[in-house]
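A quick write-up on the structure given underneath.
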Amino acid sequence: MARISAFPLLTIFIFISCITVQVTYGDEEYEFVKAIDPKVALKMKKEKLSLFRFYWHDILSGKAPTSVMVVPPPKTNSFTAFGLVNMIDNPLTVGPELSSKLVGRAQGFYASASQEEIGFLMTMNFAFTEGKYNGSTLTVLGRNPVLKKVREMPVVGGSGLFRFANGYAQASTHNFDPKTGDAVVEYNIYVMHY
Ligand SMILES: *[C@@H]1O[C@H](CO)[C@@H](O)[C@H](O)[C@H]1NC(C)=O
């Protein structure tokens with residue numbers, strides 16, 4: 001019995017192996033690369049453009065700061081705080097008030113990367129917690145000259161519902177408290193995703 005049932009299995013296995021080997025890229029073929037039908041991988045979904053709008057709270061003050069300096073600027077006389085690194089776990093809310101609905105958190109860090117003007121390197125994962133977006137992330141990596149009215153940063157990718165995502169984020173300061181350093185920033189993110 002066992003011998004009889006093993007035969008068709010082996011035949012199928014050899015057949016599948018042949019198909020895999022026939023996949024070629026240009027003139028070459030590689031055993032560690034396989035062509036995938038994007039319609040199957042993306043479950044036949046169409047690419048779409050969405051605008052995500054929320055407020056990003058950079059809280060340095062109080063008992064529970066969400067933005068913490070992990071590297072102080074090496075030169076104390078640098079007015080741009082060149083070299084500073086802040087680790088963030090900033091709440092993202094639908095309205096400018098912190099008490100408004102929480103939709104996710106911006107986790108990552110920003111670092112002062114400019115000596116001429118105040119300009120941060122932003123490295124953040126927007127980790128959403130709301131509805132179907134819960135567990136999906138968008139990754140933003142870009143330059144943020146914070147004194148400019150609108151700063152644009154690329155969306156370089158995502159996970160979950162944002163697989164293959166790309167786009168751009170526009171940030172504009174809604175509120176900044178010079179005493180505490182706390183800031184509320186409006187983010188408008190245009191994302192191409194499936
Ligand atoms: C998001 O998902 C986690 C677990 O996957 C769950 O514990 C949490 O309650 C969800 N949050 C919301 C707001 O639905």
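Each ligand, and each atom within it, is numbered from 1 in the order the structure gives.
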Check residues 154-171 and write down every donor-acceptor pair under 3.5 Å in which the side-chain atom is one partner and the other belongs to a residue at least two apart or another chain.
residue	atom	partner	partner atom	Å
S159	OG	T137	N	3.3
S159	OG	T137	OG1	2.6
Q170	NE2	E152	OE1	3.3

List the residues meeting side chain to side chain donor-acceptor pair (under 3.5 Å) with Y110, not counting sequence neighbours, and say none if there are none. D58, S67, N86
Just checking, any donor-acceptor pair under 3.5 angstrom between side chains of N90 and T66? yes
Please determine whether residues V185 and L84 belong to a single hydrophobic cluster, defined as Ile, Leu, Val, Met, Phe, Trp and Tyr linked transitively by side-chain heavy-atom distances below 4.5 Å. yes
How about CD on E47, more than 12 heavy atoms from neighbouring residues, nucleotides or ligands closer than 6.0 Å, or not? yes
Protein residues that have a heavy atom under 4.0 Å from any atom of ligand 1, sorted by chain and number: T129, N134
Let me have the donor-acceptor pairs involving side chains of residues 122-129, under 3.5 Å, with sequence neighbours excluded, atom names and distances please.
residue	atom	partner	partner atom	Å
N125	OD1	T139	OG1	2.7
T129	OG1	V103	O	3.2

